[in-house]
Asks: 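I'd like to ask some things about the structure below.
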Amino acid sequence: MDNKISGSMNQAAGAAAPTSMTKRQLLAGLVTSGAAAHALLATASAKADPLPFQVRSNPKFYPKATFVPEVSLAGKVAVITGGSRGIGRATGLALQSAGVTVIGTSRQPGAHPGHPFTLLPLDLADPASIAHFLAMVQARPEVVGNGGIDMLLNNAGRFALGSVVPVDPGAFFGGIQLASATLYGGHVAVTSGLLNAVAARAAVGYGRIIFTTSVVAYGVGGSEPGTSYYHAYTAGKRSLLAYANCLRGLIDAARIGIRISTVNPLAVNTDLASGTRPVFLQPVDANGNAPYDPNFQAFLGAVRASTANGLPAAFAAQAFVQLLMSANPEPNIAVGSEAPPYSIQGQNDFVTAVGLAEMQQSAFPWVAGPAAPPR
Ligand SMILES: NC(=O)c1ccc[n+]([C@@H]2O[C@H](COP(=O)([O-])OP(=O)(O)OC[C@H]3O[C@@H](n4cnc5c(N)ncnc54)[C@H](OP(=O)(O)O)[C@@H]3O)[C@@H](O)[C@H]2O)c1
């Protein structure tokens, strides 16, 4: 029974209950008397105050169709992890257009000759690489000359995909560790290492840190069997979401002035799911396929189709730019749109259905209805 009908029924019961009839008898009568029940419900609904009893998703979608920049980014310095392709590359280009000096990263900068902005080597899953990167980026003339970093975009990431039941323990536990380092621990290390460099700029008026998390960070994973193959990715993104918001709480309380946000895209058309790019928690062949496991293979096909049909990376980039150009940035935003074609490309209907189903499985679900009586 949905909440709307339930609300109407309670109203019907309240309006029409004869004193000799218990509420249970009345409800039984309403349910069994078919057409009469519907008529009664309709009458009661027509007479009742409108009931706002429908739970629905209301994402904070960016980029906004109409947006008035409040902050000029010209002359500022941005560091974007994972700037070699996809969302990071598109965001770097958009920031360059706004007059920002952009430093990106790649595990293999040499594989991107002619890249539109500097790429420094960084592997988030390798502590030595992180230490080297932290030293190198802070010694860059752009950063030294600027007195720090205006914007740190912790964007790099990989899908982590595979069965929730270990098929091959080595692939499973190794994959979980690699996913956790890439999606969570590495970002914590980079952020900690560059916090002073961003704080130095915040102290003179502008310092931002953004984390690219994901819509999956808002799900528990239990309502849609297919999403179980995402579990390590979900865990990594949820960890990063928690870290980002905890850091924001601390920085705000300490009045350090750095503004911290997370950007949570729906499906975006990038190479995230392509070939062997993901971290795999179970064996795959040289093309990133698992023909021995038809269910996983079907999932891989679906997730690759979903990203291939996803939102343009340049669209996602505008969400970052708007956030960075806002004087008071939202702490957490989604990348998507209510309107087609982007609502289709972001798969809003699927995301909404899964989100609402998962919320009902939460320990703290939101329900609609009259205010609870005081305890
Ligand atoms: N596409 C989507 O649908 C979607 C949705 C929600 C969230 N996201 C998130 O958006 C971010 C960007 O992904 P994308 O979609 O743009 O995918 P992408 O095209 O595959 O780009 C991923 C970027 O991350 C870098 N990277 C991967 N592993 C790394 C590591 N161990 N250390 C350092 N850098 C690493 C890659 O650089 P190199 O390979 O050159 O090292 C690349 O620049 C990720 O955090 C992803 O989880 C994507």
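Just so you know, ligand 1 is whichever comes first in the structure, and atom 1 is the first atom listed for that ligand.
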Asks: For atom 11 (C) of ligand 1, which candidate among N264, I87, N155 holds the nearest heavy atom?
Replies: N155
Asks: Kindly check if the number of other-residue, nucleotide or ligand heavy atoms within 6.0 Å of CG (N196) is above 12?
Replies: no
Asks: T81: heavy atom below 4.0 Å from ligand 1, yes or no?
Replies: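 No heavy atom of T81 comes that close to ligand 1.
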Asks: So, is S106 polar-close to ligand 1, with some N/O to N/O distance under 3.5 Å?
Replies: yes
Asks: Is there a heavy atom of L266 sitting under 4.0 angstrom from any atom of ligand 1?
Replies: yes
Asks: Parallel, tilted or perpendicular: which describes the rings of Y233 and F159, with under 30° parallel and over 60° perpendicular?
Replies: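 It falls in the perpendicular class, over 60°.
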Asks: In Å, rounded to the nearest 0.5 Å, how long is the span from CD1 of I344 to CG of D349?
Replies: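 I344 atom CD1 to D349 atom CG measures 6.5 Å (nearest 0.5 Å).
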Asks: Would D123 and S129 count as a side chain to side chain donor-acceptor pair (under 3.5 Å) here? Give the steps.
Replies: CA-CA 6 Å; D123 184 345; S129 169; 5.9 Å; no
Asks: Polar contacts were defined as any N/O atom of the residue lying under 3.5 Å from an N/O atom of the ligand; does this apply to G82 and ligand 1?
Replies: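 It does: an N or O of G82 is found under 3.5 Å from an N or O of ligand 1.
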Asks: Return a yes/no value for G88: is any of its N or O atoms, backbone included, closer than 3.5 angstrom to an N or O of ligand 1?
Replies: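 No.
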Asks: Nearest to atom 1 (N) of ligand 1 by heavy atom, L124, T213, V268, L178: which?
Replies: V268
Asks: Just verifying a value: how many Å separate R259 CZ and L323 CG, rounded to the nearest 0.5 Å?
Replies: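 Reported value, rounded in 0.5 Å steps: 10.0 Å.
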Asks: Please check whether R277 reaches ligand 1 - meaning an N/O of the residue sits under 3.5 Å from an N/O of the ligand, judged on distance alone.
Replies: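 Such a contact does not occur with ligand 1.
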Asks: If you measure from each heavy atom of T182 to ligand 1, is any distance below 4.0 Å?
Replies: yes
Asks: Decide whether an N or O pair under 3.5 Å exists between Y233 and ligand 1.
Replies: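 Indeed, backbone or side chain, Y233 has an N or O that close.
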Asks: If we only count N/O pairs under 3.5 Å, is T270 in contact with ligand 1?
Replies: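 Yes; the residue has a nitrogen or oxygen that sits under 3.5 Å from a nitrogen or oxygen of the ligand.
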